[in-house]
Amino acid sequence: MTPEAATIPPHFIQQLIDSDLRAGRLGTGGVVTRFPPEPNGYLHIGHAKSIYLNFGMAAEFGGLCRLRFDDTNPLKEETEYVASIESDVCWMLGQPLSEPPRFTSSYFPQIYDYAEQLILNGKAYICDLSNEEIRATRGTLTEPGQESPYRNRDITENLQLFRRMRAGEFADGSRVLRARIDMAAGNINMRDPILYRIRRATHHQTGDTWCIYPTYDFSHCLADAIEGVSHSLCTLEFEDHRPLYDWILDQLGIGNPRPHQTEFSRLSIEYTVLSKRRLNLLVASGRVSGWDDPRMPTIAGLRRRGYTPEALRSFCRHIGISRADNHVEMGLLEHCIRDDLDHRAARVMAVLRPLKVVIENWPNQQVEWLTAPCHPQDPSMGSRQLPMTSEIWIEQDDFRPQAAKDFKRLILGGEVRLRNSYIIRCQEAVTNPVSGAITELRCTYDPKTLGTNPTDRKVRGVIHWVSAQYGRTAEIRLYDRLLTTPGADADGDDAFLALLNPDSLSVLSDCWVEPSLVDATPEQRFQFERVGFFCVDSRDSTPDHLVFNRTVALRDSWTKKDSG
RNA sequence: UGGGCCGUCGCCAAGUGGUAAGGCACCGGAUUUUGAUUCCGGCAUUCCCAGGUUCGAAUCCUGGCGGCCCAGCCA
């Protein structure tokens, strides 16, 4: 954990682990946690919360946390996802895994043996009901279910049938192994839940070794037990599964110390969606360019957007761990990345929407190389050279023909400071005679104002600029929220897709950046002064065609004032 | 009128019977060649509501109200 963690009061899980440790309830293995994703999609920031918690608890209490792929459903899983998950976990943690990842599938032999043991104990039976029949006899939220006619098969028959299931003698879906618990239980998970199903699918890890696969409920608690997990941390929707988790371990005689499940609330963030199924829909429908589209709340997307692992960890620290709804505003995530990047991003200048400025009293063709610091508060970051020339680009928004309330940028007849350069005065605005649009500004500069302010007058504004002769063109991509509504509540896929913000991406292809940026490398992050934090796109940027992604805009107290 | 969980500032979140931490957001004001950063200051007489217990309650009890999860051979 970071030093500042000490200043944050411990959350309920830290308190729990601490008391388990003090009471000597953990056995020789100490604190063991696991992060157990299913490799059926990319990790998102909700997973980041879980990664930070699980690995964080192990680190804080001198224990161990493993990455374990919960790969019990070969129909939905792919090796592409196991690769992306491992890479995202390491990136976010900022270090390699302490040991290779594990797979629930590697425990299939033991899990199978446990199933036979359950059958032998009379606690599980083979049910021949169809999928539909099982659903129909499960009961409803308010009515109990009905017992399966196969519930009282004798142990020998159950064992034989189960072995034949494994041997591939029965068709997919024709039989299942069910726990024998209580069809009248208020908790539907306890109404003879399915433990094993027949599924002839090639598994990404075990190939065609198995044609029966254990369900989540049966395998998760056993994998935890096999690995010596002490604290099985998961989100609140699994709370109803805890009685089953404990029941299975009880029936199999797995005594203390043994794993205990503890739930915390899952993360949700306004104006985005944190459901693997829906993120998958966005990718599959082509609404985004991929799992790592910078608009995606995936770890890969945030990374490509320019987020740092440190910012993600800081965010996880800030949102806390509790059992109440963890519905967080975007503003907190943005705060975390600004806070981190402010310290480490080199400052440069870039003009997103250019307006030509001709400095009439600047010696034509002459260039003056000015020195500018890379970070105003951190001299150790060094400096770079800026070419000042007779023609420069400034931001369209930084000029208005007439003075307006509180507007402290350039106006006709007024003066403004060019960042890291001289003060200029606007003499004339050239307009297109047909459209009336301003096409160019004619200005003069004051040669006595480099590095010092005039004493006879006050110039309030400072604007950024790029030399027209030496600047480089660039494509800059601006991102906005993915959804138009704070929540992603929608009944069907179409309703959900209708919530998408049509302006979540805007591409500016006519931008100018200062020449020092030619050497920028993929993922390198900068602050474009007065604009925001940007990074070099890792996929599309080339030395001949620079592409920058806006990670986050700078805080802006002007736009609000101006429009309000 | 099935089971489980949760309700403390706009958002997150401490608090575990002794008189409401902190972060984000927001609002001032100072510094500033980024309308950024930084810095100072403000921001819950009140803890979903109503009763009760107590010298004392966000914390205990009772009863309401509101929200979330569960009827995949998904995880």
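Computed from a predicted structure; not experimentally measured. We name chains A, B, ... by the order of the sequence lines, and we start the count at 1 in each one.
- With hydrogens and angles left out, the side chain of A:R135 and the base of B:G72 share no donor-acceptor pair within 3.5 Å.
- At the heavy-atom level, A:D406 lies under 4.0 Å from base atoms of the strands shown.
- Judged by Watson-Crick or G-U wobble contacts below 3.5 Å, the nucleotide B:G41 has B:C27 as its partner.
- A gap of 8 Å separates the C1' atoms of B:A20 and B:U8, to the nearest Å.
- With salt bridges taken as basic N to acidic carboxylate O contacts below 4.0 Å, one links A:D342 and A:R347.
- Of the candidate nucleotides B:U34, B:C73, B:C70, B:C70 has the atom lying nearest to any side-chain atom of A:D240.
- Using C1' as the reference atom, B:C40 and B:U46 are 27 Å apart when rounded to the nearest Å.
- Between the base of B:U38 and the side chain of A:Q377 there is no donor-acceptor pair shorter than 3.5 Å.
- In this structure, A:Y216 forms no aromatic stack with the base of B:A75, since the conditions of centre separation below 5.5 Å and plane angle below 30° are not both met.
- Residue A:V328 is in sugar-phosphate contact alone, with no base atom involved, counting any heavy-atom pair closer than 4.0 Å across all strands shown.
- OP1 or OP2 of B:G35 has at least one side-chain nitrogen or oxygen of A:R530 nearer than 4.0 Å.
- Of the candidate nucleotides B:A14, B:C73, B:A25, B:C73 has the atom nearest to the side chain of A:I194.
- Of the P atoms belonging to B:U16 and B:A21, the separation is 12 Å, rounded to the nearest Å.
- Residue contacts shown for A:N131 include a base, since a base heavy atom lies under 4.0 Å away.
- Base pairing of B:C65: its partner is B:G7, meeting the Watson-Crick or G-U wobble criterion (both donor-acceptor distances under 3.5 Å).
- Proximity note for A:Q527 (side chain, C-beta onward) versus B:U34, B:C74, B:A75: the nearest is B:U34.
- Not one side-chain nitrogen or oxygen of A:T215 sits closer than 4.0 Å to the OP1 or OP2 atom of B:C73.
- A:G173 comes within 4.0 angstrom of a base, heavy atoms only.
- A residue-by-residue look at A:G320 and A:R409 shows that A:G320 has its nearest nucleotide of RNA chain B further toward the 5' end.
- Residue A:R138 places at least one side-chain N or O closer than 4.0 Å to OP1 or OP2 of B:C73.
- Salt-bridge annotation for A:E415 and A:R457: present, with a side-chain N of the basic residue lying under 4.0 Å from a carboxylate O of the acidic one.
- Across B:G2 and B:G18, the matching C1' atoms stand 42 Å from one another, rounded to whole Å.
- The listed nucleotides are B:C12, B:A25, B:U34; the one nearest the side chain of A:L554 is B:U34.
- Residue-to-nucleotide proximity on RNA chain B shows that, of A:D71 and A:F528, the 5′-proximal contact is made by A:F528.
- A:H318 has no side-chain polar atom (N or O) that falls below the 4.0 Å cut-off from OP1 or OP2 of B:C12.
- In terms of the side chain to side chain donor-acceptor pair (under 3.5 Å) criterion, residue partners of A:R400 (sequence neighbours excluded) are, by chain and number, A:D562.
- Nucleic acid contact class of A:F218 (heavy atoms, under 4.0 Å, all strands): none.
- With hydrogens and angles disregarded, no donor-acceptor distance shorter than 3.5 Å links the side chain of A:D182 to the backbone of A:R191.
- Looking at A:E143, its side chain has no donor and acceptor atom pair within 3.5 Å of the base of B:G2.
- Minimum atom distance to the side chain of A:K76 is reached by B:C74, of the listed B:A36, B:C26, B:C74.
- A cation-pi arrangement is found for A:R175 relative to A:F170, the charged atom lying closer than 6.0 Å to the ring centre and inside a 45° cone about the ring normal.
- Proximity of A:R242 to the phosphate of B:C69: no side-chain N or O atom is located under 4.0 Å from OP1 or OP2.
- Residue A:I463 is out of contact with every strand shown, counting any heavy-atom pair closer than 4.0 Å.
- Looking at heavy-atom distances under 4.0 Å, A:L129 makes contact with a base.
- Using cut-offs of 30° and 60° for the angle between ring planes, the A:F528 and A:F548 rings count as perpendicular.
- Contact annotation for A:G451: base contact, defined as any heavy-atom pair under 4.0 Å involving a base atom.
- Side-chain nitrogen and oxygen atoms of A:K560 include at least one within less than 4.0 Å of the OP1 or OP2 phosphate oxygen of B:C26.
- Closest to the side chain of A:N187, from the set B:G35, B:G3, B:U38, is B:G3.
- Within 4.0 Å (heavy atoms only), A:L450 reaches at least one base atom of the nucleic acid.
- In this structure, the nucleotide among B:G35, B:C12, B:A75 sitting nearest to the side chain of A:E38 is B:A75.
- For B:U37, the base has no donor-acceptor partner in the side chain of A:R555 [N/O atoms by modelled type, under 3.5 angstrom].
- The aromatic rings of A:W291 and A:Y81 stand perpendicular to each other, their planes meeting at an angle above 60°, with 30° marking the opposite boundary.
- Note on A:D456 versus A:K448: no salt bridge recorded, every NZ/NE/NH1/NH2 to OD/OE distance being 4.0 Å or above.
- Between the P atoms of B:G64 and B:U45, the separation comes to 29 Å (whole Å).
- Ion pairing between a basic and an acidic side chain is recognised when a charged N comes within 4.0 Å of a carboxylate O; A:D224 and A:R68 show such pairing.
- With hydrogens and angles left out, the side-chain atoms of A:N54 and A:S50 include a donor and acceptor closer than 3.5 Å.
- A:T140 comes within 4.0 angstrom of a nucleotide base, judged by non-hydrogen atoms across all strands.
- Distances shown here put every side-chain N or O of A:R200 at or beyond 4.0 Å from the OP1 or OP2 atom of B:C73.
- The residue A:P144 sits apart from the nucleic acid: no heavy atom pair falls under 4.0 Å.
- Residue A:R199 is classed as a sugar-phosphate contact, given heavy-atom separations below 4.0 Å to backbone atoms only.
- Remark: B:G2 base-pairs with B:C70; criterion is Watson-Crick or G-U wobble with both hydrogen-bond distances under 3.5 Å.
- Here B:U16 is the nucleotide among B:C6, B:U16, B:C73 with the atom lying nearest to any side-chain atom of A:Q15.
- The listed nucleotides are B:C12, B:A71, B:C24; the one nearest the side chain of A:L141 is B:A71.
- Contact annotation: A:R323 does not reach the phosphate of B:G4 (side-chain N/O to OP1 or OP2, under 4.0 Å).
- Base pairing analysis places B:A58 opposite nothing; no Watson-Crick or G-U wobble pair with both distances below 3.5 Å involves it.
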Test side-chain contact (heavy atoms from CB on, under 4.5 Å) on A:Y196 and A:I111 and set out the steps.
-> CA-CA 10 Å; A:Y196 259 95; A:I111 294 171; 3.4 Å; yes

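- Here, B:A71 and B:G15 have their P atoms 33 Å apart, quoted to the whole Å.
- Listed nucleotides: B:G67, B:G10, B:G35. Nearest to the side chain of A:D325: B:G67.
- Across all strands, A:H220 comes closer than 4.0 Å to no nucleic acid atom at all (heavy-atom distances).
- For B:C6, neither phosphate oxygen OP1 nor OP2 lies less than 4.0 angstrom from any side-chain nitrogen or oxygen of A:S265.
- Of the P atoms belonging to B:C26 and B:A36, the separation is 11 Å, rounded to the nearest Å.
- In this structure B:G72 sits in the syn conformation; its chi angle is within 90° of 0.
- At a threshold of 4.0 angstrom between heavy atoms, the contacts of A:N420 include nucleobase atoms, whether or not backbone atoms are also involved.
- Between the P atom of B:G23 and the NE2 atom of A:H11 lies a distance of 19 Å, rounded to the nearest Å.
- Separating the C1' atom of B:C9 from that of B:G42 is a span of 14 Å, rounded to the nearest Å.
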